[in-house]
There are 2 protein chains.
Amino acid sequence: MSTLTSTPDALAQRLADSGLRSTPQREVIYDVLLKKRDHPTADEVFARVKSELPTISLATVYNCLETLVQCNLVRAVNFERGPTLYCPNLRPHAHFHDEQTGATHDIDLPEGLLAQVTTILPQGYDAKSVEIIFRGKAQSAR
Amino acid sequence: MSTLTSTPDALAQRLADSGLRSTPQREVIYDVLLKKRDHPTADEVFARVKSELPTISLATVYNCLETLVQCNLVRAVNFERGPTLYCPNLRPHAHFHDEQTGATHDIDLPEGLLAQVTTILPQGYDAKSVEIIFRGKAQSAR
DNA sequence: CAACAAATTGGAATGGTTCTAAGGTGCAAG
DNA sequence: CTTGCACCTTAGAACCATTCCAATTTGTTG
């Protein structure tokens, strides 16, 4: 019931809240994101979903991902130029982009850090969101 | 002389350091970036440069911008999906993306903030760079 | 000034995403 | 029910930013 649940059917609920329908495509896409909590591209999601829904189209994958982003069930992330990554982690977190492997890791943020970072904004700036991106290398043994 | 100068000919120097030539195209592009310190796209740079160098090609603009980025004279920035923005501000700064106007503002960072933010990284993560992006609205009266 | 490397050019090609038009799906009112 | 209608999905075309390519041009060095 809370706003932070990621239960299987948070989806149906959230969609309904926005006056949208729960469809097989939307559900499978959301499941696929929850199951493997990495940062797939739309293409990658397309690939994963096809085994379940062989006739789904790439356009639908884009549509559904966009819908999930609207419903705040998924975050869209863009580093550098290149395909958008989709991230089902809803807790406040930063991203670490490993330049060797190309992998993206979530870094949980300590309580209050975002608030603190926001204090650097001069008067007149009203931030609705903050994104923190690290680039570098992560030790392989993790 | 110093690593932080942005004098007109820091360019020639930096290029030489990398074994590259100083060309009219590279110079005009760099000038154009220094003159109006905003966050133009390659296309926008192309437009601005054409009045000076009417026969320059878009490919050259991309090439030169890439060169400037390599030489650390310009930063390439990507918010959301969409064209890369080029930023001649070399001091450590965050970006504020005004969602109403689409404009991007530089926010200077207080001494030590990046170091501090970096401390949230768990062991084994070695960050070479940190990027902070705010989204929201900025008061128009600025 | 010849020869060679570096840089620029226009146009074609690419990759990710969005658009469009046509067809399905499922609830809702008669 | 069954008809209407809004919502969804689909395939493919279109789009846009960027990169690639092959052909010049420019500059430097021997």
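A, B, ... follow the sequence lines: proteins, then strands. Residue 1 opens every chain. For clarity, every value in this text was computed on a predicted model and none was experimentally measured.
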> Assess whether a salt bridge exists between A:Asp38 and A:Arg48, defined as any Lys/Arg side-chain N lying under 4.0 Å from an Asp/Glu carboxylate O.
yes

> Indicate the ring-plane relationship of A:Tyr125 and B:His105, choosing parallel, tilted or perpendicular according to the 30° and 60° boundaries.
perpendicular

> Write down the distance between CZ (B:Phe46) and P (D:dT18), rounded to a whole number of angstrom.
13 Å

> Counting only side-chain nitrogens and oxygens, does B:Ser57 get under 4.0 Å of the OP1 or OP2 atom of C:dT8?
no

> What is the distance, rounded to the nearest whole Å, between atom CZ of B:Arg26 and atom C1' of C:dT8?
10 Å

> Which one, C:dG16, D:dT18, D:dT10, comes nearest to the side chain of A:Ile56?
D:dT10

> Examine A:Leu114 and A:Val77 and state if one hydrophobic cluster contains both, with Ile, Leu, Val, Met, Phe, Trp and Tyr joined whenever side-chain heavy atoms are less than 4.5 Å apart.
no

> Check every atom of C:dA7, D:dT9, C:dT17 against the side chain of A:Thr84 and return the nucleotide holding the closest atom.
C:dT17

> Please determine whether a side-chain nitrogen of the Lys or Arg among A:Glu131 and A:Arg75 lies less than 4.0 Å from a carboxylate oxygen of the Asp or Glu.
no

> Report the distance from atom CD of B:Gln25 to atom C1' of D:dT26, rounded to the nearest whole Å.
10 Å

> With sugar-phosphate meaning primed atoms plus P, OP1 and OP2, does B:Thr60 contact a base, only sugar-phosphate, or nothing at under 4.0 Å between heavy atoms?
base

> Closest to the A:Tyr62 side chain: D:dT9, C:dT17, C:dA7?
C:dT17

> Heavy atoms from C-beta onward define the side chain here; which of C:dG11, D:dT10, C:dT17 lies closest to that of A:Ala59?
D:dT10

> Tell me what A:Thr55 touches on the nucleic acid: a base, only sugar-phosphate, or nothing, going by heavy atoms under 4.0 Å.
sugar-phosphate

> In whole angstrom, what separates A:Phe79's CZ from C:dG16's P?
16 Å

> State which of D:dT10, C:dA6, C:dG16 makes the closest approach to the side chain of B:Arg21.
C:dA6

> Would you indicate which nucleotide in C:dG16, C:dT8, D:dT10 comes nearest to any side-chain atom of A:Pro83?
C:dG16

> For A:Glu66 and D:dC8, what is the distance between atoms CD and P respectively, to the nearest whole Å?
13 Å

> Compare the minimum distances between each of D:dT9, C:dT17, C:dA7 and the side chain of B:Leu20, then state the nucleotide with the smallest one.
C:dA7

> Starting at CG of A:Asn63 and ending at P of C:dC19, how long is that distance when rounded to a whole Å?
10 Å

> Rounded to the nearest Å, what distance is computed from the CG atom of residue A:Asp43 to the P atom of nucleotide C:dT18?
13 Å

> Check the distance between C:dC27's C1' and A:Leu15's CG and give it to me in whole angstrom.
16 Å

> If you measure from the Lys or Arg side-chain nitrogens to the Asp or Glu carboxylate oxygens, is any gap between B:Lys36 and B:Glu44 under 4.0 Å?
no

> Is the phosphate of D:dG27 approached by B:Thr23 (side-chain N or O, under 4.0 Å from OP1 or OP2)?
no

